[in-house]
Engineer: 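What follows is a structure written as structure tokens; I'll ask about it next.
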Amino acid sequence: MELARGMRKSIYGSDVYIRGLIEFSSYCRCDCYYCGLRRSNPDAQRYRLDKDDILVCCDEGYELGFRTFVMQSGEDMYFSAEKIADIVFSIKNAYPDCAVTLSVGERPRETYALWRSAGADRYLLRHETASRSHYGRLHPKEQLFDDRMRCLYDLKEIGFQTGCGFMVGSPYQTVQDMAGDLVFISDFSPDMVGIGPFIPHNATPFCEMESGSVRTTLMLLSIIRLMLPDVLLPATTALGTLDPHGREKGILAGANVLMPNLSPSNVRKKYLLYDNKICTGDEAAECISCMKGRMERIGYRIVTDRGDKKNRK
Ligand code: SAH
Ligand code: SF4
């Protein structure tokens with residue numbers, strides 16, 4: 001971990017990049033066994049933000065120093081390719097100095113290309129597991145490993161800064177699976193890697209499963225930092241949910257990104273991928289001042305910056 005921290009410091013110093021996360025729809029057509037937003041969860045509270053709501057979030061975020069907005073949602077087909085392109089275009093038009101990241105799941109290659117031409121800069125799509133058989137145990141049979149992989153390679157080819165990633169300690173994951181994930185990450189060479197511990201959600205088939213380990217997550221963050229020295233690597237909310245100082249520990253293990261929530265406070269308790277998610281009662285301004293304090297106490301500082309990968313500048 002010291003090695004990873006040193007590597008991170010040599011490239012990014014003590015800077016921590018922030019991304020304003022806007023969870024704009026909790027509707028989802030998928031049925032991932034691990035996730036509280038899966039379509040078969042009748043108790044999930046569904047909502048959608050419209051373009052104006054989203055632009056209000058960006059406005060607030062911009063004032064607070066965010067220069068990247070991450071638009072995340074379930075796979076909600078109400079948001080057509082054109083609707084999302086229009087929202088991306090509007091955000092980029094209003095904030096030309098900001099990056100827009102999309103994290104809205106699997107779509108056709110042409111849709112990804114449309115969004116890229118509308119100005120989207122980055123795309124997060126975790127591969128979830130690089131093992132075909134493990135993928136099959138986490139998803140229903142209509143959700144295909146090959147589709148996931150096809151999307152990731154399309155995104156990269158189209159020119160997105162692309163992020164993959166996986167849950168640590170997801171049900172049935174073996175040490176071999178994790179090694180396979182690292183090999184995949186090394187081969188794919190993404191710009192971003194999102195990893196966080198699996199946390200069960202009470203209304204999913206995995207409700208009785210155990211959470212992933214904080215220690216293992218930290219170790220994997222360090223390994224990924226050493227494998228891909230300049231990668232953008234978030235210390236996730238899931239890590240902060242399992243350990244009150246999880247995000248600080250993540251940064252100290254080599255992570256360099258935080259993704260505080262910018263969603264309006266009245267919808268935050270409705271976007272629950274897993275149980276006990278933190279920060280669902282806070283306003284964006286509270287989140288950012290909390291994170292600033294947390295980072296200062298461990299000798300790091302949050303910067304107002306798009307936070308691109310260093311070698312791209
Ligand atoms: N629908 C989009 C984006 C939202 S889900 C997508 O699936 O890509 C974002 C990520 O949350 C998923 O990739 C998954 O790795 C993570 N996630 C879902 N359920 C989780 C759980 N129970 N514990 C931890 N992470 C979870
Ligand atoms: Fe939908 Fe994403 Fe949850 Fe899967 S992980 S059910 S795609 S929101």
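Here, residue 1 is the first one in the sequence, and each next residue gets the next number. When a ligand or atom number is given, it counts from 1 through the structure's own listing order.
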Engineer: Just do the side-chain hydrogen bond (donor to acceptor under 3.5 Å, both in side chains) check on Gln143 and Asp31 with the steps written out, would you?
Structural biologist: CA-CA 8 Å; Gln143 288 179 237; Asp31 224 5; over 6 Å; no

Engineer: Between Glu157 and Arg109, is there a salt bridge with N-O shorter than 4.0 Å?
Structural biologist: yes

Engineer: Where on Cys32 is there a heavy atom closer than 4.0 Å to ligand 1, on the side chain, on the backbone, on both, or on neither?
Structural biologist: neither

Engineer: Indicate, as side chain, backbone, both or neither, the part of Pro197 found under 4.0 angstrom from ligand 1 when only non-hydrogen atoms are considered.
Structural biologist: backbone

Engineer: For Tyr271, counting its heavy atoms only, list the atoms of ligand 1 lying under 4.0 Å from any of them.
Structural biologist: 4 (C)

Engineer: May I ask you to identify the nearest protein heavy atom to atom 17 (N) of ligand 1, giving residue, atom name and distance to one decimal place in Å?
Structural biologist: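 Looking at atom 17 (N) of ligand 1, the protein heavy atom closest to it is Met167 SD, 3.9 Å.
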
Engineer: Is Thr68 close to Arg122 at the side-chain level, that is, under 4.5 Å between some pair of heavy atoms?
Structural biologist: yes

Engineer: To which protein heavy atom is atom 11 (O) of ligand 1 closest, and what is the distance rounded to 0.1 Å?
Structural biologist: Leu273 CD1, 3.5 Å

Engineer: Do ligand 1 and Gln72 have nitrogen or oxygen atoms that lie under 3.5 Å from each other?
Structural biologist: no

Engineer: Tell me the protein heavy atom at minimum distance from atom 13 (O) of ligand 1, and give that distance in Å.
Structural biologist: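 Scanning the protein heavy atoms, the shortest distance from atom 13 (O) of ligand 1 goes to Glu128 OE2, 2.5 Å.
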
Engineer: Please classify the Arg38 to ligand 1 contact at 4.0 Å (heavy-atom distances, strictly less than): side chain, backbone, both or neither.
Structural biologist: neither

Engineer: Can you tell me which portion of His201 lies within the under-4.0 Å heavy-atom range of ligand 1? Options are side chain, backbone, both, or neither.
Structural biologist: neither

Engineer: Rounded to the nearest 0.5 Å, how far does NZ of Lys309 lie from CG of Asp230?
Structural biologist: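 Rounded to the nearest 0.5 Å, the CG-NZ separation comes to 4.5 Å.
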
Engineer: Could you grab the protein N, O or S atoms closer than 2.8 Å to atom 3 (Fe) of ligand 2 for me?
Structural biologist: Cys35 SG

Engineer: Working to the nearest 0.5 Å, report the span between CE of Met178 and OG of Ser170.
Structural biologist: 8.5 Å

Engineer: Is Arg39 salt-bridged to Glu142, going by a charged N under 4.0 Å from an acidic O?
Structural biologist: yes

Engineer: Using a 4.0 Å heavy-atom threshold (strictly under), name the region of Ser103 that reaches ligand 1: side chain, backbone, both or neither.
Structural biologist: both

Engineer: Look at atom CD of Glu210 and say whether more than 12 heavy atoms of other residues, nucleotides or ligands are closer to it than 6.0 Å.
Structural biologist: no

Engineer: Drop me the distance from Met167's CE to Cys32's SG, to the nearest 0.5 angstrom.
Structural biologist: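 Output value for this atom pair is 8.0 Å.
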
Engineer: State plainly whether one hydrophobic cluster holds both Met71 and Tyr47, where clusters connect Ile, Leu, Val, Met, Phe, Trp and Tyr through side-chain heavy atoms under 4.5 angstrom apart.
Structural biologist: yes

Engineer: Report the relative orientation of the aromatic rings in Tyr17 and Tyr12; use parallel for angles under 30°, tilted for 30 to 60°, perpendicular for over 60°.
Structural biologist: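 Answer is perpendicular, since the angle exceeds 60°.
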
Engineer: Is it true that, when you exclude Arg48 itself, more than 12 heavy atoms of the residues, nucleotides or ligands shown sit nearer than 6.0 Å to its CZ?
Structural biologist: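 Correct, the count exceeds 12.
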
Engineer: Do protein heavy atoms approach atom 6 (S) of ligand 2 to less than 4.0 Å?
Structural biologist: yes

Engineer: Give me each pair satisfying ring pair (Phe, Tyr, Trp, His ring centres under 6.0 Å) with a member in residues 68-99, each pair once, sequence neighbours excluded.
Structural biologist: Phe24-Phe79, Tyr62-Tyr95, Phe69-Tyr95

Engineer: Return the residue, atom name and 0.1 Å-rounded distance of the protein heavy atom closest to atom 1 (N) of ligand 1.
Structural biologist: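 The protein heavy atom lying closest is Ser73 O, 3.0 Å.
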
